Protein chains: 2
Amino acid sequence: MEQKEQGAPARRYNPEQTRAVILDAAEQLFAEHGYEGASIRDIASLASFRLGMITYHFGTKEELFRQVIARRADDYVSATATSLDAAVSRADGAPGTEAVIRAYLQPAIELSARGGAGWKNYLQLLARAMNTRQHEAFLEPVLRTYDPLVRKIVAVFRLSRPEMDEAQLHWAFYFLQAAFIHILVEAGIVDRHSHGLCRSSDLDAILDEMVPFFAAGFDRLARHAPAAAASRR
Amino acid sequence: MEQKEQGAPARRYNPEQTRAVILDAAEQLFAEHGYEGASIRDIASLASFRLGMITYHFGTKEELFRQVIARRADDYVSATATSLDAAVSRADGAPGTEAVIRAYLQPAIELSARGGAGWKNYLQLLARAMNTRQHEAFLEPVLRTYDPLVRKIVAVFRLSRPEMDEAQLHWAFYFLQAAFIHILVEAGIVDRHSHGLCRSSDLDAILDEMVPFFAAGFDRLARHAPAAAASRR
DNA sequence: GTCTATAATGAGATAGAC
DNA sequence: GTCTATCTCATTATAGAC
């Protein structure tokens, strides 16, 4: 007469689907609570599977995390690469800085805003992971997945601003990337401080504001003397 | 003949010092591994005390975290407030945007770069905590400690740019704050991508680059039509 | 492939000797 | 105030029935 309280035992899915359902749940909880803050038990429970299923399909928690990252990495990389290539060819090889910034930001914003909950979670979890040092040792090789894309982005910025020296270009891109990392998390601080006038969830508005804002920064660094560092020696 | 491997049993300190030593260790491990990733056992061990000492002086892990935040909050707030006030009075009430940005960033950079390891850990841990949503429920009230300071910062930016409308001002400040949050973590991505040309640990150089970069962004947003949002309706 | 059961460990917290 | 010992629970991981 006792009710099993565990929901249907789930013969609903084929293995592919099972893996996908688990990855979705992992994506969500890693995004919400971070790697250490999310337990594989909670992930299994959210996915309506037993704990053993995670072991069977993924082995360890680290491997589960790796596969969460890996599942969407190629899609994100190729979407951004395509966007950058389009900006370059549209401008015959010398794209404006605003166009490059937009080409870099827009795919992630598109996916986060309209790609479904999975993509939003994915980008938030990626942003959280990037906001740490390599103390979570196993994270670093995972994040290096994105290094080739970053090299491409920097190369396109270099096309756009051939007069900037390397350090200036890297600083400018760093500032853009740093801001974007926090923005993708949608932590809500701007909502609170602007009393709702600006919403961190309104990624479309943010894109429109970021493009001129950061392009002006690139312009400004391109103009100023690259001698700042010397003054401290 | 067995050696106690626990180090000296520490009658070395008075209670004030004991609390300080524990807070230092907590600060370090929370900064390195995040709230969930750091255990109070490891914190006790790093501080060379027994676990019971943390309970005795702080009660729960949450309370320990709160007191880590609280210990330096007033110093940080007043350093930044003083810096902002100085910028305002230096300019007779109408400070330039570069001056305001520098006044906002400089105290934190000063403390992180030359305030000792504790301050660096503190600011990294704060930055990590700000890069989450309120899923870690108890975090939110802790972070609200800084709301009055943020209101002051925004007010000074408003003095600097009275022609900007509220939304533009908040967006611009959000971008600056977002970038700063990641930068304080010193995650090292710019080091890797620039092959060491730019170092995320070189906060002095970063300050010098950020000031003109972000001031140009403020200038740019102040110029453009505040009608962007309307185009999407 | 899916689930149960359980091992093995580590966690936060508490009681109480000294 | 400091430390030992222990409780209780949650965690990752494994073994094995079905």
Side-chain angles (χ1 to χ4, degrees), chain A residues 2-26 28-30 32-68 135-139, chain B residues 2-26 29-30 32-68 135-139 142:
Chain A
E2 290 140 306
Q3 278 280 84
K4 282 267 182 95
E5 53 176 349
Q6 336 243 43
R11 190 63 25 85
R12 304 159 279 177
Y13 303 122
N14 65 37
E16 289 289 283
Q17 289 172 319
T18 295
R19 289 175 52 89
V21 168
I22 291 172
L23 287 172
D24 288 345
Q28 179 182 330
L29 294 185
F30 285 145
E32 289 177 0
H33 305 293
Y35 176 74
E36 345 263 349
S39 77
I40 55 175
R41 303 183 97 89
D42 287 348
I43 291 167
S45 159
L46 179 62
S48 298
F49 282 100
R50 309 285 158 262
L51 178 60
M53 286 269 47
I54 291 189
T55 296
Y56 177 76
H57 284 286
F58 300 96
T60 67
K61 185 184 183 184
E62 288 194 3
E63 185 58 25
L64 173 62
F65 186 87
R66 271 189 213 99
Q67 296 203 27
V68 167
H135 292 113
E136 292 78 6
F138 86 99
L139 260 186
Chain B
E2 289 139 305
Q3 278 279 79
K4 281 265 179 96
E5 52 178 350
Q6 335 243 43
R11 189 63 24 85
R12 304 160 279 176
Y13 303 122
N14 65 36
E16 288 290 281
Q17 290 173 318
T18 296
R19 288 173 53 88
V21 169
I22 291 171
L23 287 173
D24 287 345
L29 294 185
F30 284 145
E32 289 178 359
H33 306 294
Y35 177 74
E36 345 264 347
S39 77
I40 54 175
R41 304 182 100 91
D42 288 348
I43 290 167
S45 159
L46 179 61
S48 296
F49 282 101
R50 309 285 157 260
L51 178 60
M53 287 270 43
I54 291 189
T55 297
Y56 177 75
H57 284 286
F58 300 96
T60 66
K61 184 183 183 184
E62 288 194 3
E63 186 56 26
L64 173 62
F65 186 86
R66 272 189 212 98
Q67 297 203 27
V68 167
H135 292 114
E136 293 78 5
F138 87 98
L139 260 186
V142 177

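Letters A, B, ... mirror the listed sequences (proteins, then strands); counts begin at 1. Just so it is clear, the model here is predicted, and its values are computed rather than measured.
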Verify the contact: side-chain N or O of B:Thr18 to OP1 or OP2 of D:dT2, cut-off strictly under 4.0 Å; return yes or no.
-> yes
Would you confirm whether A:Gln28, through its side chain, and A:Ala25, through its main-chain N or O, come within 3.5 Å as a donor-acceptor pair?
-> no
Do the ring centers of A:Tyr56 and A:Phe49 come within less than 6.0 Å of each other?
-> no
Which of the following nucleotides, C:dG1, D:dT2, C:dC3, is nearest to the side chain of A:Tyr56?
-> C:dG1
Find the runs of at least 3 consecutive base pairs, i with j, i+1 with j-1 and so on, that include DNA chain D, using Watson-Crick or G-U wobble geometry with both distances under 3.5 Å.
-> C:1-18 with D:1-18
For residues B:Arg19 and B:Tyr13, determine if any side-chain heavy atom of one lies less than 4.5 Å from a side-chain heavy atom of the other.
-> no
Write down the distance between CZ (B:Arg50) and C1' (C:dA17), rounded to a whole number of angstrom.
-> 16 Å
Can you name the atoms? Protein N/O to nucleotides 8-13 of chain C N/O, anything below 3.5 Å, with the distance.
| residue | atom | partner | partner atom | Å |
| --- | --- | --- | --- | --- |
| C:dA11 | OP1 | B:Ser39 | OG | 3.4 |
| C:dG12 | OP1 | B:Lys61 | NZ | 3.0 |
| C:dG12 | OP2 | B:Ile40 | N | 3.1 |
| C:dG12 | N7 | B:Arg41 | NH1 | 2.8 |
| C:dG12 | O6 | B:Arg41 | NH1 | 3.0 |
| C:dA13 | OP2 | B:Lys61 | N | 3.0 |

Taking the side chain as C-beta and beyond, is there a heavy-atom pair between B:Phe58 and B:Arg66 under 4.5 Å?
-> no
Roughly, in whole Å, what's the span from CE in A:Met53 to C1' in D:dT14?
-> 14 Å
B:Ser39: what forms a side-chain hydrogen bond (donor to acceptor under 3.5 Å, both in side chains) with it, not counting sequence neighbours?
-> B:Asp42
Beyond-backbone contact of B:His57 with B:Gln67, side-chain heavy atoms, under 4.5 angstrom = no
Supply the atom-to-atom distance A:Glu32 CD to A:Leu29 CG, rounded to the nearest 0.5 angstrom.
-> 6.0 Å
Looking at side-chain heavy atoms only, is the closest gap between B:Leu51 and B:Ile43 below 4.5 Å?
-> no
Between C:dC3 atom C1' and A:Ile54 atom CD1, what is the distance in whole Å?
-> 13 Å
